[in-house]
Amino acid sequence: MARRSAVAWAAFGPLLWGCALGLQGGMLYPQESRSRERKELDGLWSFRADFSDNRRRGFEEQWYRRPLRESGPTLDMPVPSSFNDISQDWRLRHFVGWVWYEREVILPERWTQDLHTRVVLRIGSAHSYAIVWVNGVDTLEHEGGYLPFEADISNLVQVGPLPSRLRITIAINNTLTPTTLPPGTIQYMNDTSKYPKGYFVQNTYFDFFNYAGLQRSVLLYTTPTTYIDDITVTTGVEQDSGLVNYQISVKGSNLFELEARLLDAENKVVANGTGTQGQLKVPGASLWWPYLMHERPAYLYSLEVRLTAQTSLGPVSDFYSLPVGIRTVAVTESQFLINGKPFYFHGVNKHEDADIRGKGFDWPLLVKDFNLLRWLGANAFRTSHYPYAEEVLQMCDRHGIVVIDECPGVGLALPMVIAHTKALDPSRPVTFVSNSNYAADKGAPYVDVICLNSYYSWYHDYGHLELIQLQLATQFENWYKKYQKPIIQSEYGAETIAGFHQDPPLMFTEEYQKSLLEQYHLGLDQKRRKYVVGELIWNFADFMTEQSLTRVLGNKKGIFTRQRQPKSAAFLLRERYWKIANETRYPHSVAKSQCLENSPFT
């Protein structure tokens, strides 16, 4: 097993470096403006899974050449969602291989006739390998299930006879291999006395269900043919002034002018500049703060970029507005600093697991979760174990939530990944989570903050709550003595079946989860004023996993159920988090356990 893992990680090197090089150029979040339009394609798509033995009948019969319904029966499939839990067909629940999506759309006439207009197809997420056809034409391929990708399709809709309908066909393969992110293997069962010929199973090396499909929004949007391609922003603070450094990429022409303006919350211009790069200085700037760290909540400015250009077809203009929070982040041997003040992470680990939608992006659930985070008094979360939708991160910026944004390489810790992350943005601290022995860990020397997962009295010495404080203290002291870096307890918790009760506490009861958390909190309090800078409970809510003898309809370590109802531990955590928050906000007054001003309307 160890040798197989080593081979798998060795294979990741070229793949990850290739992905890194592929990040050149921009892909701004689609927004409407005077120069840009959006057309949402969410809703019902036609869907079919390829149940053939080799899973390649769709390619052999070229299902993309004509409407999908003409080559066989289709299902209605909502987008965004994961296809696994939507149908009553049991074969789709654990299906591995190619599935096919199709949607027909009518374009606005101007999009097909105005040669100043560029038309782009954008797919928010397709897990995990996708091939896209537009009107039967192979348009693009993409590997990786948790990031958006797009293609300029102007030449397909503006050349020749104007198409009355645009037919978009997307084939998605959710097979996991040693070189996919996350990794897995396909195991063929060759004993024909037990298994049919060609029978195989998908093995995974992570503890969450391999939901698949079009899990985020699909849309069409336009830009001018000369357009703002990318905007890179870094911020800083110099005495009482905020600094906004920007770099702008333009494509389509070399003859252009750029104006950059920074606006405050009242839409007043506080700084402006010109050209593709520069620095905007804001005297007396309102800094971005986590919402429980400062009397002022999170504060966002808007960076407006205006482009005017000359092209062979005449003048064009483009406009893009980007939210900007001015802040500095620094890490010392024992502290994590935001705008020069110590910050303590008290939050949760999350999974994008929304009932039958699987990992499908869902606005009502997102807003509910943010309301629950505020109810808890949580100031941070970790996107375990993959990047979340851009809309989630935008919500965090607006509401003052600090995010540990995780890549989908579960179990992967390579120095080259850390180095490339820092090359992309030197201002961001980098970490990874570890449950290895402190003396043998190979990633800790390269990160800014050490994140530790430990499950004392659950996976180790289960049932013996009295051991937690000693073992936790030993863990912290060993890691800090060796690396002299701040530490976050990035996972801890216990499996709990809502409604199970026992006194004295027994495993899987609500009382046991609560007692385990209490023992961890006593240990954390011994170190959090020294070098422990955070605690993230595992997990925010119950989530689905593969079936196994150790899982009862998924992972039940949530402090909320999958339906977002609180277990007893949620109230314990709420009491603790608001007390910590008030110690931070009102350091010279008696700490209250509950903030009375945690309503969004106050």
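Heavy atoms only: backbone and side chains are in, while hydrogens, waters and symmetry mates are out. Keep in mind that what you see is a predicted model, and the values were worked out from it rather than measured.
Among residues two or more places apart in sequence or in another chain, the side chain to side chain donor-acceptor pair (under 3.5 Å) test is passed with D89 by R91. With sequence neighbours left out, D448 forms a side chain to side chain donor-acceptor pair (under 3.5 Å) with K422. For E333, the side chain to side chain contact (heavy atoms under 4.5 Å, CB included) partners are Y480, Q484, not counting sequence neighbours. Taking the salt bridge (Lys or Arg N to Asp or Glu O under 4.0 Å) definition, one finds that D425 meets it with R428, sequence neighbours left out. Qualifying side chain to side chain donor-acceptor pair (under 3.5 Å) partners for Q215, counting only residues two or more places apart in sequence or in other chains: S82. Every residue two or more places apart in sequence or in another chain that forms a salt bridge (Lys or Arg N to Asp or Glu O under 4.0 Å) with D369 is listed here: K350, R564. By the salt bridge (Lys or Arg N to Asp or Glu O under 4.0 Å) test, K567 is found to be paired with D542, residues two or more places apart in sequence or in another chain being considered. For D441, the salt bridge (Lys or Arg N to Asp or Glu O under 4.0 Å) criterion is met by no residue, not counting sequence neighbours. With sequence neighbours left out, Y29 forms a side chain to side chain contact (heavy atoms under 4.5 Å, CB included) with R38, R122, Y320, E390, E391, Q394. Applying the side chain to side chain contact (heavy atoms under 4.5 Å, CB included) test to Q526 and every residue at least two apart in sequence or in another chain returns nothing. Taking F200 as the reference, R55, V96, I186, Y188 meet the side chain to side chain contact (heavy atoms under 4.5 Å, CB included) condition, with sequence neighbours excluded. Not a single side chain to side chain donor-acceptor pair (under 3.5 Å) links Y512 to another residue, sequence neighbours left out.
Looking only at side-chain heavy atoms (C-beta outward), L465 and L516 come within less than 4.5 Å of each other. Side-chain atoms of I86 and S81, non-hydrogen and from C-beta on, do get closer than 4.5 Å to each other. Counting heavy atoms from C-beta on, the side chains of P178 and T185 come closer than 4.5 Å. Looking at P290 and L292, their side chains never come closer than 4.5 Å, going by heavy atoms from C-beta outward. Proximity of L452 to N435: side-chain heavy atoms (C-beta onward) are nowhere separated by under 4.5 Å. Contact annotation: the side chain of R382 approaches that of W538 to within less than 4.5 Å [non-hydrogen atoms, C-beta and beyond]. The side-chain heavy atoms of I450 and S434, taken from C-beta on, include no pair separated by under 4.5 Å. L287 has its side chain out of reach of T328: every pair of non-hydrogen atoms, C-beta onward, lies at least 4.5 Å apart.
Defined by atom type and a distance below 3.5 Å, a donor-acceptor pair is present between the side-chain atoms of Y211 and D85. D461 and Q471 are linked by a side-chain donor-acceptor pair at a separation below 3.5 angstrom, with hydrogens and angles left out of the test. Side-chain atoms of D207 and T545 include no donor-acceptor pair closer than 3.5 Å. Checked by atom type, the side-chain pair Q502/E510 shows no donor-acceptor distance below 3.5 Å. With no hydrogens or angles considered, a side-chain donor-acceptor pair links Q469 and Q519 at under 3.5 Å. In summary, the side chains of Y492 and H521 do present a donor paired with an acceptor at a separation below 3.5 Å, with no hydrogens or angles considered. Judged purely by distance below 3.5 Å, without hydrogens or angles, the side chains of E406 and T383 never pair a donor atom with an acceptor atom. Between the side chains of N84 and R93, no donor-acceptor pair is found at a separation under 3.5 Å. Between the side chains of Q513 and T496, a donor-acceptor pair is found at a separation under 3.5 Å. Side-chain N/O atoms of Y344 and E535 include a donor and acceptor closer than 3.5 Å.
For the pair K557 and Y455, the cation-pi test (distance below 6.0 Å, angle within 45°) is passed.
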May I have the step-by-step check of side-chain contact (heavy atoms from CB on, under 4.5 Å) for Q489 and L472, ending in yes or no?
CA-CA 10 Å; Q489 182 68 43; L472 193 61; 3.5 Å; yes
Passes ring pair (Phe, Tyr, Trp, His ring centres under 6.0 Å), F51 versus F95? Steps please.
CA-CA 9 Å; F51 289 110; F95 180 82; 5.2 Å; yes
H127 vs K359, test: side-chain contact (heavy atoms from CB on, under 4.5 Å). Steps then yes/no.
CA-CA 10 Å; H127 184 65; K359 288 190 176 72; over 6 Å; no
List the steps and the verdict of side-chain contact (heavy atoms from CB on, under 4.5 Å) for Y129 and N174.
CA-CA 7 Å; Y129 190 91; N174 65 338; over 6 Å; no
List the steps and the verdict of ring pair (Phe, Tyr, Trp, His ring centres under 6.0 Å) for W375 and F571.
CA-CA 10 Å; W375 179 86; F571 297 94; 5.4 Å; yes
Chi angles and distances behind the side-chain contact (heavy atoms from CB on, under 4.5 Å) call for L393, D397:
CA-CA 6 Å; L393 301 184; D397 280 345; 5.7 Å; no
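E518 CD: more than 12 foreign heavy atoms inside a 6.0 Å radius. Surrounding CG of L553 are at most 12 heavy atoms belonging to other residues, nucleotides or ligands under 6.0 Å away. Under a cut-off of 6.0 angstrom, the local environment of CZ in F500 is sparse, with at most 12 non-hydrogen atoms contributed by other residues, nucleotides or ligands.
Exactly one of D525, L376, L517 qualifies for a side chain to side chain contact (heavy atoms under 4.5 Å, CB included) with R576. That residue is D525.
Atom-to-atom distance recorded for I404:CD1 and N349:CG is 8.0 Å, nearest 0.5 angstrom. Atom CG of residue L337 and atom CZ of residue R327 lie 13.0 Å apart, to the nearest 0.5 angstrom. Atoms OH and CG, from Y388 and D405 in turn, are 9.5 Å apart once rounded to the nearest 0.5 Å. Note: Q547 CD to L549 CG = 10.5 Å, rounded to the nearest 0.5 Å. Of the inter-residue distances, the one linking L536 atom CG with S384 atom OG reads 9.0 Å to the nearest 0.5 angstrom.
When ring centroids are compared, F560 and F540 come within the 6.0 Å threshold.
Ring orientation note: the planes of F208 and H351 are tilted relative to one another, at an angle of 30° to 60°. Using bins of under 30°, 30° to 60° and over 60° for the plane-to-plane angle, the ring pair Y456/H460 lands in the tilted bin. Between F209 and H94, the ring-plane angle classifies as perpendicular under the 30° and 60° cut-offs. Classified by interplanar angle (parallel below 30°, tilted 30° to 60°, perpendicular above 60°), the ring pair F343/F345 is perpendicular.
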